Amino acid sequence: MITKIESYINDCKHFVAAAINDVEPFRIKYLGKKGIIADLFEEFKNVPRENKKDVGQKLNELKDIVQEKINEFKLKFEDTTSSLEAIDLSLPGDPVKTGTRHPISIVRNEIIDIFKRIGFTVSEGPEIEDDWHVFSALNFPAEHPARDMQDTFFIKPEDKILLRTHTSSVQVRVMENSKPPIRTISPGRVFRNEAISARAHCIFHQVEGLYIDENVSFADLKQTLLFFAKEMFGEKTQIRLRPSYFPFTEPSAEMDVACNICGGKGCNVCKYTGWLEILGCGMVDPNVLENCKIDSKKYTGFAFGMGIERITMLKYGVNDLRLYFENDIRFLNQFKASF
Ligand code: PHE
């Protein structure tokens, strides 16, 4: 039996694995349940007692050599593969996907850029506001139905703490804290208690503008907005102003731009009128100036406010407001930021 084992030992010593795939069959051949070593141990039971020691030692020697060989080749092949991976600097790197800017951010930045070019600064304020800055200072009388124009989320009704329904509140803060001339826009998130649909959402974004100085007139308002419309929608864009009502402006107007989808001929986006409403505006009501300690005899001003979602819809032909909030990568990837 010893000679048999020695011939196996000899075989093993000469075993060379050409690839990692050769190692497992070798292991099974010797160490498998029905392998050579298992057979030998079976045979070992019948070895006469006086030979058991020598035969046993040889058997263990064989086992050790088999194990050594397995380890040797496993290490060899694993090593080469992993070190190859580590040092192959010519392999292309994993692509890093860069995100795209959200369409609302793109359009907000574009609006800010247009107004910055004609001297407007950017002001920001809190989203959680008090009644004074959102309503009272802006000439909404207490208990007046005009407050229902903007359905409000109250945080603490007893203290009249609420989520701002428009960023006009920021303009009140600017008027309270600085002296004319004031020329500023306030972009930001606003909240209204509305049922969510393709055309309305309870969270949206606005840019509101305010210009206060001596002798500011309605003509200044109109020229400023015409400049904006042309920069935003193209040089040929026409605008029209329709009389409207806001508690904080007098006179008030809503501004339409000629429908850029049908070019004014009439389509289902402009409801066959040829015009699209994009913002509200007007001359700041003297009461608002006085509420903010600005002399309404010396100063006049205009204000305007627009929804960024709406402008984005018109600019890119988006037909459902909810898409802006779903963060579906297939939607977001379609917008390339130039801002
Ligand atoms: N604050 C108004 C709104 O949210 C918009 C507006 C601003 C209208 C300034 C006129 C002047 O609806």
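Just so we're clear, the structure is a prediction, and the values are computed from it rather than from any experiment. Each ligand, and each atom within it, is numbered from 1 in the order the structure gives.
- Atoms of ligand 1 found under 4.0 Å from any heavy atom of Phe304, numbered from 1 in the order shown, are 7 (C), 9 (C), 11 (C).
- For Ile155, the CD1 atom sits in a packed shell: over 12 heavy atoms of surrounding residues, nucleotides or ligands are nearer than 6.0 Å.
- Residue Ser168 places at least one N or O, backbone or side chain, under 3.5 Å from an N or O of ligand 1.
- No more than 12 heavy atoms of other residues, nucleotides or ligands lie within 6.0 Å of NZ in Lys116, so this atom counts as exposed by the packing criterion.
- With respect to the salt-bridge test (charged N to carboxylate O, under 4.0 angstrom), the residues Arg240 and Asp256 qualify.
- Other residues, nucleotides and ligands contribute at most 12 non-hydrogen atoms within 6.0 Å of the NZ atom of Lys160.
- Ion pairing between Glu290 and Lys293 fails under the 4.0 Å rule for side-chain N and carboxylate O.
- Judged by the shortest distance from any of its heavy atoms, Phe248 lies inside the 4.0 Å radius around the atoms of ligand 1.
- Under a 4.0 Å criterion applied to the non-hydrogen atoms of Arg192, ligand 1 contributes the atoms 3 (C), 4 (O), 12 (O).
- Applying the 4.0 Å criterion to heavy atoms of Glu208 picks out, from ligand 1, the atoms 1 (N), 2 (C), 3 (C), 4 (O), 5 (C), 7 (C), 9 (C).
- Each of the following atoms of ligand 1 lies closer than 4.0 Å to a heavy atom of Ala303: 9 (C), 11 (C).
- At a 4.0 Å cut-off, at least one heavy atom of Gln206 sits close enough to ligand 1 to count as contact.
- Applying the 4.0 Å criterion to heavy atoms of Phe246 picks out, from ligand 1, the atoms 8 (C), 10 (C).
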Verdict with supporting geometry, Tyr211 and Thr184, side chain to side chain contact (heavy atoms under 4.5 Å, CB included): CA-CA 7 Å; Tyr211 179 25; Thr184 192; over 6 Å; no

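- Under a 4.0 Å criterion applied to the non-hydrogen atoms of Cys281, ligand 1 contributes the atoms 8 (C), 10 (C), 11 (C).
- Inclusion of His166 in the set of residues having an N or O under 3.5 Å from an N or O of ligand 1 is warranted.
- Within a 6.0 Å sphere centred on CD of Gln238, other residues, nucleotides and ligands contribute 12 heavy atoms or fewer.
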